[in-house]
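A quick write-up on the structure given underneath.
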Amino acid sequence: MSETCAAPSGRKPFSFGMDPKVLAFVVVPLLAVTPLVTLFLIPFLWQSLGSLLGWYLRRKTDGRRCHIFELVEEEEKSYRAAKEEEEEEQRSRKKSTSDDDGWESVEAHTAGISPNGGKGEEEWDGVVGFFHPFCNAGGGGERVLWAAIRATQERWPRAKCVVYTGDHDVSKDDILARVENRFNIHLHPPTVNFLYLSTRHWVLASTWPHFTLAGQSIGSVIMAWDAFSLLAPDIFIDTMGYAFAIGLSKFLFPAVPTAAYVHYPTISTDMLSSLDPSSPLGSQGVNAGRGTGVKGSLKKIYWRLFAHIYSRMGAAADVVMTNSTWTQNHIMTLWGPARRAAEKPSPIAVVYPPVAVRELEAAIEVSAKTESRREPYLLYIAQFRPEKNHTLILEAFAEFIKTDTEAARDARLVLVGSVRDDHDSKRVYELRLLVNELHIRDKVEFHLDASWPDILKWLRTASVGVNGMWNEHFGIGVVEYQAAGLVSVVHNSGGPKLDIVVDVDGQPTGFHATTTTEFAQAFEEALSLPNPTAVRLRARKSAKRFTEEEFAKRWTAQMETLVALSVSGKGGVRKEKGKGKGKGKQEGKQ
């Protein structure tokens, strides 16, 4: 072997004990390309890991999937037999009644034809997994869930709707009965099933006293894994705002179509701006101006990092729906760039939540002859939470009363809302103290945990509906004001500004305000309208945009995209063939 060259000092180069040629022509090039190889290898290994875990969960839950299909078939037979018996009894009594639960219309309902003229989509019978761990809560988010399931059932009668919930203390019958009593929504029981999660405590704020945003998001991943361990769906829909659950679904099941119905972004650009006391939003929100000092700077970094990860997770959804234009704008800002990079074809759509507009129209008459029944009451229906900003409304009302105008002399402010816990009770106590300090005790009423009949009474007799929350993501209560014929005075932000209290036929339906003085002036104008009936009728007309029928149309249009992905094979739907143990075979590509 020839001698290698040496340094002037005579010292030979260090070669790790290897032949210099091997070192120069093999080892060094390998070291040079290692970063490039790693750059491509890690994503491949990561995707492979997700697919492997997804395959494991599919195999693990196949038995439960078969059981659900068998259970649906058995319950369907029992349900139809009971229906036939009921109809026979009605015929024997020679009575002609119509069932208003909407389901019978499914049997005669022509589901429509898919774009390619085939029948695959209208006969779709896969599993739609609705991720809603608090499905029995009875709030506006739950109304969206149940209305969505009803719309899905009516469009795809053979689809199986599975709700992942943490409400262990209630049975299927109890939940469906509450849905009927609370929302007047009648579902088809055989094709609705519930799978009970054991990890819901991971998403409670009390579990994460510090770094709550990140903690609850981690908790949602744990809870989503729990859900997929129970059943791997053909379509996965998050209806509570857990974007990280969408990310996990795409990691485990890349071909399963996913959707997100976003009530409000977990974090928004407005939240980030509100930390800075010098910004226009530095005085708004519960974290207003808290971005100063070392602690504030760290909070800014934490929020921005979280916003970046949140955007990546949410952008993974194939279909994104928001409840308002305000939410849509923020989600487009946060998720839009990542969605464009991933070439997601479906635009972010606004699907207004369903509101009991028809029920209010039937219960409350709005006309010139009923105007005399209205009192000069300002009605604020809202939970006693900090973000509802009751303090702003009380201070504005006190300023209005001090004007001593004709409208102010007889005016009263009625605060109606639920009290969830001791924190809310303490807040009500503090508000009562503020009422005394403002010397308006004889002008303000508190009604806690009011029943629906009591709420209807106030909606029927009040003249003005008030909303003081900054950046209310939608505002179901404001829609209820309009449907009841109230003149709305709302915060000049969020959904109430952009979607609800808007002009109809070129004429206003209410007023917007931001400061206490602006609210006080709006109260004066709302109670001094020369023709209040005309404004009330325009408000009621505006509310018709938010009916359950309108929601069903928009929801179905988005579901069409998800079902089309399944039918085309991209969604990984598995058609069930045969009966008994023969079910559960995979036909579509996973």
Side-chain angles (χ1 to χ4, degrees), residues 364-382 384 388-417 427-448 450 454-469 477-478 480-492 496 501 507-540:
I364 301 174
E365 182 183 354
V366 177
S367 64
K369 70 176 183 179
T370 62
E371 191 63 35
S372 60
R373 303 173 193 170
R374 299 278 181 180
E375 300 289 345
Y377 294 162
L378 307 172
L379 179 64
Y380 189 11
I381 302 176
F384 289 98
K388 295 301 181 181
N389 212 349
H390 289 82
T391 300
L392 171 67
I393 300 304
L394 287 172
E395 292 174 347
F397 182 69
E399 185 173 330
F400 167 56
I401 293 298
K402 287 180 182 178
T403 62
D404 198 32
T405 62
E406 183 178 351
R409 291 184 193 120
D410 297 325
R412 299 182 70 85
L413 175 62
V414 180
L415 304 178
V416 178
R427 196 166 295 111
V428 171
Y429 174 73
E430 293 171 347
L431 291 173
R432 291 184 187 274
L433 291 178
L434 179 61
V435 166
N436 288 330
E437 293 173 5
L438 295 172
H439 307 292
I440 53 175
R441 183 174 61 181
D442 295 336
K443 294 280 191 175
V444 178
E445 298 181 25
F446 288 83
H447 294 273
L448 311 182
D454 287 339
I455 292 175
L456 280 177
K457 182 193 75 171
W458 289 114
L459 288 171
R460 192 177 288 114
T461 58
S463 294
V464 177
V466 182
N467 179 281
M469 180 177 171
V478 180
E480 291 176 341
Y481 292 158
Q482 291 190 326
L486 273 66
V487 179
S488 299
V489 176
V490 300
H491 199 282
N492 192 30
V501 185
Q507 298 294 320
T509 58
F511 301 88
H512 305 115
T514 302
T515 65
T516 54
T517 300
E518 290 176 355
F519 269 100
Q521 293 172 347
F523 295 160
E524 172 71 29
E525 292 184 56
L527 290 173
S528 306
L529 290 170
N531 186 6
T533 303
V535 181
R536 300 189 197 286
L537 291 174
R538 285 198 299 270
R540 173 164 279 192

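Hydrogens, waters and symmetry mates play no part in the numbers below; they use all other heavy atoms, side chains included.
Side chain to side chain, His439 and Glu437 fail the donor-acceptor criterion of an N or O pair below 3.5 Å. Side-chain contact, Glu371 with Thr533: a donor N or O sits under 3.5 Å from an acceptor N or O. Side chains of Gln482 and Ser488: a donor-acceptor N/O pair is absent below 3.5 angstrom, by distance only. For the residue pair Thr405 / Glu524, a side-chain donor-acceptor distance below 3.5 Å is found, with atom types taken as modelled.
Counting heavy atoms from C-beta on, the side chains of Ser367 and Thr370 come closer than 4.5 Å. Side-chain contact between His491 and Met469 is absent, with no heavy atoms from C-beta onward closer than 4.5 Å. For the pair Arg432/Val444, no side-chain contact is recorded, criterion being any heavy-atom separation below 4.5 Å from C-beta on. Within the 4.5 Å cutoff, the side chain of Phe511 has no heavy atoms near those of the Val501 side chain. The side-chain heavy atoms of Arg412 and Leu378, taken from C-beta on, include no pair separated by under 4.5 Å. Residues Leu448 and Leu415 have side chains not in contact (no heavy-atom distance under 4.5 Å, counting atoms from C-beta outward). Proximity of Tyr481 to Val490: side-chain heavy atoms (C-beta onward) are nowhere separated by under 4.5 Å. Counting only heavy atoms from C-beta outward, the side chains of Glu445 and Trp458 approach each other to under 4.5 Å.
Taking all atoms of both residues into account, the shortest heavy-atom contact from Ala411 to Phe400 is CB-CE2, 3.7 Å.
Rounding to the nearest 0.5 Å places NZ of Lys402 at 7.0 Å from CG of Leu438.
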